[in-house]
Amino acid sequence: MHMTDFHYFTPTEIAFGKSSEEKLTFLLKKHGAHNVLIHYGGGSAERSGLLGKIRLMLKNEGIPFCELGGVVPNPRLSLVKKGIDLCREEGVDFILAVGGGSVIDSSKCIGYGVPYEGDVWDFFDSKAVPHAAVPVGVVLTIPASGSEMSDSTVITNDGPDLKRGCNSDICRPRFAIMNPERTFTLPSYQTACGITDILMHTLERYFSKEHLGITDAVAEGLLRTVMDAGPKVLKDPFNYELRASIMWAGSLSHNGLTGCGAVSDFGTHRLEHELSTMFGVAHGAGLAALWCYWAEYVREEDPSRFDTFSRNVLDGKDAIEGMRDFFHSIGMPTSIPELIGRKATQQEIETMALRCSRGGSFKVGNFKVLGQKEMLEIYNMSNK
Ligand code: NZQ
Ligand code: ZN
């Protein structure tokens with residue numbers, strides 16, 4: 001047991017609940033927005049009336065804005081570049097992301113790109129570190145990525161087909177508006193992908209060799225709550241309390257709280273980003289297809305961690321079997337063939353391991369450090 005030193009920084013102001021959207025213009029003004037880019041996805045926010053409501057609120061307050069829609073899941077660098085040009089032309093000084101992780105990450109990346117003279121991909125290619133960014137605010141419509149409070153931005157470069165992340169405190173959103181009622185319209189599959197991602201953001205921190213009193217208790221409470229609410233909300237999608245619980249858990253799971261003092265892992269996340277790049281799958285579903293094999297592969301590093309997880313979260317069920325049953329209970333795949341409807345070819349597996357290890361030079365994970373050879377083994381285990 002050893003609490004490592006940590007720096008906990010969560011500057012995001014949260015407005016949560018049924019009336020939270022009414023605070024939008026107040027929050028925009030408070031955070032210095034004079035000229036706003038409204039950035040959104042493929043149409044869900046238009047259909048629900050949310051965008052219409054936001055446009056009206058900004059007009060009524062006299063806040064000028066322009067718009068850029070069309071963000072796709074696993075957001076693309078090409079649209080980010082359009083956004084950077086648009087912001088420069090229009091003199092945008094604040095980006096409002098209306099949507100989920102993909103829209104928020106696209107917004108964060110546009111924010112990095114506007115003041116930067118070079119190619120914004122430099123930040124994802126470890127060629128440069130961001131020192132400035134146009135600020136971002138969020139109206140969240142899907143609890144999953146935790147990007148509304150996180151320091152992370154994940155973008156797919158549609159040229160070479162590379163999905164990469166960039167971490168910096170300066171991209172953490174200034175505010176996030178979270179109305180659980182907005183999540184009533186989520187399809188079950190998206191709800192389940194979100195639940196998986198939320199659990200994984202805490203599991204990636206919990207599977208650490210540091211066994212910590214308070215941090216573990218917070219993590220276990222979050223995991224138990226989401227695993228209890230998940231299957232229930234799929235049967236009862238208009239249940240406000242369940243939706244609210246999951247939505248708040250999504251933010252807490254990835255704002256750093258559930259890993260304070262622990263050495264986080266994030267190996268499964270790195271492995272998954274190659275699945276979503278190669279097969280265009282939803283991030284949450286890709287995580288479910290990998291986690292149980294990652295867990296089998298690393299278990300011997302510290303079996304007591306798995307025992308604690310089993311006892312404190314899964315009512316004594318075996319850690320790996322318990323999670324496999326849970327993922328199935330919410331309709332998630334637990335192998336690559338279940339995820340993509342066929343086995344991946346050996347060439348696809350090798351390409352994913354090559355990309356994930358950046359040509360063999362890069363390792364992932366901490367609970368057990370994984371190089372290219374170990375990545376190949378885990379992909380192959382999941383491909384049976
Ligand atoms: O595009 P629209 O039409 O809005 O539809 C979206 C999209 O198809 C739909 N949706 C969102 N809200 C809805 C809704 N449909 C009906 N009703 C609503 N209220 O849901 C679909 C998925 O949206 P997306 O934003 O892609 O999902 P998510 O929030 O899971 O974000 C996934 C992305 O976030 C990255 C992932 O890699 C992936 O690219 N991540 C970002 C992280 C971060 N920045 O901290 C951490 C995560 O680990 C993750 O890697
Ligand atoms: Zn994730």
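Order of appearance sets the numbers: ligands from 1, and atoms from 1 within every ligand.
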Report for the Zn ion (ligand 2), protein N, O or S closer than 2.8 Å, by chain and number, lists Asp197 OD1, His201 NE2, His269 NE2, His283 NE2
When only distance counts, is Ser147 in polar contact with ligand 1, meaning an N/O pair under 3.5 Å? yes
Would Arg164 count as a cation-pi partner of Phe362, with NZ or CZ less than 6.0 Å from the six-membered ring centre and within 45° of the ring normal? no
Heavy atoms only: which of Ile142, Val72, Asn255, Leu186 is nearest to atom 13 (C) of ligand 1? Leu186
Return a yes/no value for Thr141: is any of its N or O atoms, backbone included, closer than 3.5 angstrom to an N or O of ligand 1? yes
List ligand 1 atoms under 4.0 Å from His269, heavy atoms only on the residue side. 48 (O)
NZ or CZ of Arg305 within 45° of Tyr206 ring axis and under 6.0 Å: yes
Taking the non-hydrogen atoms of Glu46, is any one of them nearer than 4.0 angstrom to ligand 1? no
Among Arg76, Lys163, Glu148, which one has a heavy atom closest to atom 37 (O) of ligand 1? Lys163
Got an N/O contact under 3.5 Å between Gly101 and ligand 1? yes
By side-chain contact (heavy atoms from CB on, under 4.5 Å), which residues pair with Glu350, not counting sequence neighbours? Gln346, Leu376
Could you tell me whether some N/O pair between His273 and ligand 1 is separated by less than 3.5 angstrom? yes
Can you confirm whether the side chains of His201 and Thr258 place a donor and an acceptor under 3.5 Å from each other? no
Apply salt bridge (Lys or Arg N to Asp or Glu O under 4.0 Å) to residues Glu148 and Lys108 and explain how you reach the verdict. CA-CA 10 Å; Glu148 67 277 7; Lys108 288 175 172 179; over 6 Å; no
Gly43 to ligand 1, any heavy atom closer than 4.0 Å: yes
Does ligand 1 have a heavy atom under 4.0 Å from the side chain of Arg182, from its backbone, from both, or from neither? backbone
Is Lys30 close enough and on-axis enough to Phe175, meaning under 6.0 Å and within 45°, for cation-pi? no
Relative to the heavy atoms of His254, which atoms of ligand 1 are at a distance of less than 4.0 Å? 45 (O), 46 (C)
Counting from 1 in the order shown, the ligand 1 atoms closer than 4.0 Å to a non-hydrogen atom of Pro75 are 39 (O)
Is a donor on one side and an acceptor on the other found under 3.5 Å between the side chain of Arg174 and the backbone of Val138? no
Applying salt bridge (Lys or Arg N to Asp or Glu O under 4.0 Å), run through Glu204 and Arg270 and close with a yes or a no. CA-CA 11 Å; Glu204 296 273 24; Arg270 299 278 195 171; over 6 Å; no
If you measure every N or O of Val103 against every N or O of ligand 1, does any of those distances drop under 3.5 Å? no
Do Tyr116 and Asp122 have a side chain donor and acceptor closer than 3.5 Å? yes
Counting only heavy atoms closer than 4.0 Å, does ligand 1 sit against the backbone of Ala144, its side chain, both, or neither? side chain
Interatomic distance, CZ@Phe266 vs CG@Leu203, rounded to 0.5 Å, equals 10.0 Å
Any idea which atoms of ligand 1 are less than 4.0 Å away from a heavy-atom of Ser150? 43 (C), 44 (N), 45 (O)
Taking heavy atoms and a distance under 4.0 Å, where does Asn74 meet ligand 1: side chain, backbone, both or neither? both
